Amino acid sequence: MHVRVLVLLSLAAAALAQDAAPVKLTLRDAVGLALKQNPQVILANLGVAQSEQDRLIARSGLLPQAAARASEAVNRVNLEASIGFKFPGFAQHVGPYWVNQGGVGFSAPVFDLTLWGRYRASRIGIASARAQETSVREESVLMVVSQYLGSQRAAAEVQAAQSRVDLAQALYDQAADLQTHGVGTGIDTLRANVQLQNEKQRLIVARTQLETSLFGLARLLNLEPQQKIELADQVSFFETPEVSADQTLERAFQVRPELRQIVSLQQQAAVELKSAGDARLPKVSATGFWAEQGVTGSNVIPVYQYQVNLEVPVFTGGRMEAERSKAEIAIRQLRQQEQEVRSRIALEVKTALAQVESSRSEVDVARLGVQLARQEVTQARDRFQAGVANNIEIVTAQDELARANDNQIGALYRYNQSRADLARSVGQMEALYGK
């Protein structure tokens, strides 16, 4: 009975999941959801929070430290072992006796440039972590936008395939009607039926592609596996908005988070190089404690010790020179990385601009091609209805229309994707698609 109840509950839960209304998402909604739920974005946010804590830890090294201390000890001392000989008439040992102590100890750095350098490096590390976070957010937005555009393309292909199925069905009905009235031939009807089945098969493939593309989008958005998605921006796929005028190479060099991260790392490495040199300087610190100390409660008296410490490095086994060389090597590496990133950004921007211009021209040509293909279908259909020609012309026109639809959808997808690539190349993905 218990097993049956569990089975019924699982079936009911599955039915509820299947009957759950799909989530309608615009492109902006999808981007916002990804920035909230994508694991990589969450990890990047945690990285920024961790760098903030690193700054607080480094700052604490510059501040005085204080701690309360309390102890109770039992002592028994061997006098002969402690002083090296035995006093005649005295016992060999003292004790056992109890010592109680309670008070406060402190330490404070007075002069230590390495601690100040560590704090400065931690502050720069926050800027580096924030640039890394921005880079992850830009990549996440690009992935979601690309997947959403792919889903829009699949939805447009489904719509076009359904339109061609409706047209093929009408042409098949026309051929069958002409054959019934003795005007058409059986081969025309058969040819129209074959074309109808071909278009139905293309529709099945298009629907499957749309479904799998939506699965990929749900995965990027970190949604539940049972949650279905519907696109709310299908019409926008056929739009070709103008490209922003500030999407230039100079703008990319200023905004791209990868470059800002490298600049922060260079500053951090420069601070570490200076700290490696400062490690040769003397360090001054102050320590001490104050406590109430006694054997019993009746003889407790205040005791204290205050001291100033001076530490001068004399021999470190080559550690300081190695740290300095390591910092210099890191700076040279970062300079090479900056040069490589600048070259990559320039290539991405110029490539994206060229693809935007090319794809916009493709869209214009493809739209004209669709219009002409539809006119060809209409004329071929009229000629077949008038008995001037068989439906071979119609089948050919249908194939041309299918090719024209594919060209148009492909051109629109390439334009929208190249526009997204251009926004990514200048560091404006979130600004363009997320706000």
Side-chain angles (χ1 to χ4, degrees), residues 31-32 34-35 38-55 58 117-146 220 243-276 325-357 417-435:
V31 169
L35 293 177
N38 187 276
Q40 297 300 323
V41 175
I42 295 175
L43 289 174
N45 293 337
L46 293 176
V48 174
Q50 187 177 29
S51 64
E52 290 280 358
Q53 301 308 312
D54 291 338
R55 182 187 66 84
R118 191 176 300 126
Y119 174 65
R120 289 180 58 199
S122 67
R123 292 179 59 184
I124 299 173
I126 296 176
S128 176
R130 286 175 177 167
Q132 174 65 21
E133 178 198 18
T134 304
S135 179
V136 172
R137 291 173 70 90
E138 289 282 298
E139 288 292 339
S140 178
V141 173
L142 177 62
M143 293 176 63
V144 171
V145 169
S146 298
L220 288 177
V243 177
S244 177
D246 62 347
Q247 293 179 335
T248 61
L249 187 57
E250 291 75 14
R251 176 70 173 174
F253 286 153
Q254 295 174 1
V255 178
R256 280 291 287 265
E258 296 94 327
L259 273 180
R260 290 192 285 114
Q261 183 183 11
I262 290 179
V263 170
S264 297
L265 292 176
Q266 286 176 340
Q267 295 174 351
Q268 193 172 19
V271 171
E272 292 175 355
L273 177 61
K274 187 176 186 305
S275 297
S325 299
K326 180 181 177 181
E328 291 175 346
I329 293 172
I331 291 175
R332 290 199 297 268
Q333 288 178 334
L334 289 169
R335 287 173 180 170
Q336 292 297 321
Q337 291 180 16
E338 181 183 10
Q339 183 178 357
E340 190 276 332
V341 170
R342 282 181 173 273
S343 299
R344 176 166 54 85
I345 290 175
L347 176 61
E348 291 176 357
V349 172
K350 291 187 290 187
T351 301
L353 284 171
Q355 290 176 343
V356 167
E357 295 300 324
Q417 184 62 57
S418 62
R419 183 168 170 261
D421 292 339
L422 179 59
R424 173 66 183 96
S425 67
V426 296
Q428 293 182 333
M429 282 298 298
E430 187 174 356
L432 183 61
Y433 293 99
K435 297 179 180 179

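Numbers for residues simply follow the sequence, beginning at 1. Keep in mind that what you see is a predicted model, and the values were worked out from it rather than measured.
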Atom pair [atom1]/[atom2] of [X] and [Y] - distance to nearest 0.5 Å:
X      : Y      : atom1 : atom2 : value
Asp421 : Leu353 : CG    : CG    : 11.0 Å
Glu328 : Arg332 : CD    : CZ    : 6.5 Å
Leu422 : Met429 : CG    : CE    : 10.5 Å
Glu357 : Ser418 : CD    : OG    : 9.0 Å
Arg342 : Ile262 : CZ    : CD1   : 9.0 Å
Ile345 : Lys350 : CD1   : NZ    : 12.5 Å

So with a 6.0 Å cut-off around [atom1] of [X], is the heavy-atom count from everything else above 12?
X      : atom1 : answer
Gln50  : CD    : no
Arg335 : CZ    : no
Arg123 : CZ    : no
Gln339 : CD    : no

Please name the pair of heavy atoms, one in [X] and one in [Y], separated by the smallest distance, quoted to 0.1 Å.
X      : Y      : answer
Leu220 : Asn38  : O-ND2, 3.3 Å
Val349 : Ala252 : CG2-CB, 3.8 Å
Ala420 : Leu142 : O-CD1, 4.2 Å
Ala269 : Ile331 : CB-CG1, 3.6 Å
Val48  : Ala129 : CG2-O, 3.5 Å
Ala127 : Ser264 : CB-OG, 3.7 Å

Sequence neighbours left out, what passes side-chain hydrogen bond (donor to acceptor under 3.5 Å, both in side chains) with [X]? Give chain and number order.
X      : result
Ser146 : Gln417
Ser140 : none
Arg137 : Glu430
Gln132 : Gln261

- Message: I'd like to check the ring pair (Phe, Tyr, Trp, His ring centres under 6.0 Å) partners of Tyr433; sequence neighbours left out, ordered by chain and number.
- Response: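 In terms of ring pair (Phe, Tyr, Trp, His ring centres under 6.0 Å), with neighbours along the sequence ignored, Tyr433 is linked to no residue.
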Quick one, [X] and [Y] - any side-chain contact, counting heavy atoms below 4.5 Å?
X      : Y      : value
Val426 : Val255 : no
Arg344 : Glu340 : yes
Glu138 : Val141 : no
Leu259 : Glu338 : yes

Could you list the residues that satisfy side-chain contact (heavy atoms from CB on, under 4.5 Å) with [X], not counting sequence neighbours?
X      : result
Val271 : Arg120, Ala121, Ile124, Ser275
Ala276 : Glu323, Arg324
Leu347 : Thr351
Ala44  : Glu133, Val136

So which pairs with a foot in [range] pass salt bridge (Lys or Arg N to Asp or Glu O under 4.0 Å), sequence neighbours left out?
range            : result
residues 252-268 : Arg256-Glu258, Arg256-Glu348, Glu258-Arg424
residues 41-55   : Glu52-Arg55, Glu52-Arg130
residues 262-275 : Lys274-Asp278

- Item | Gly125 backbone acceptor or donor facing Ser128 side chain under 3.5 Å |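 Here the side-chain-to-backbone pair does not exist.
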- Task: Would you sort out whether Gln428 and Arg251 count as a side chain to side chain contact (heavy atoms under 4.5 Å, CB included), showing the intermediate values?
- Result: CA-CA 10 Å; Gln428 293 182 333; Arg251 176 70 173 174; 3.2 Å; yes
- Query: Which is it for Val263 and Leu334 under the side chain to side chain contact (heavy atoms under 4.5 Å, CB included) test, yes or no, and what are the steps along the way?
  - Reply: CA-CA 8 Å; Val263 170; Leu334 289 169; over 6 Å; no
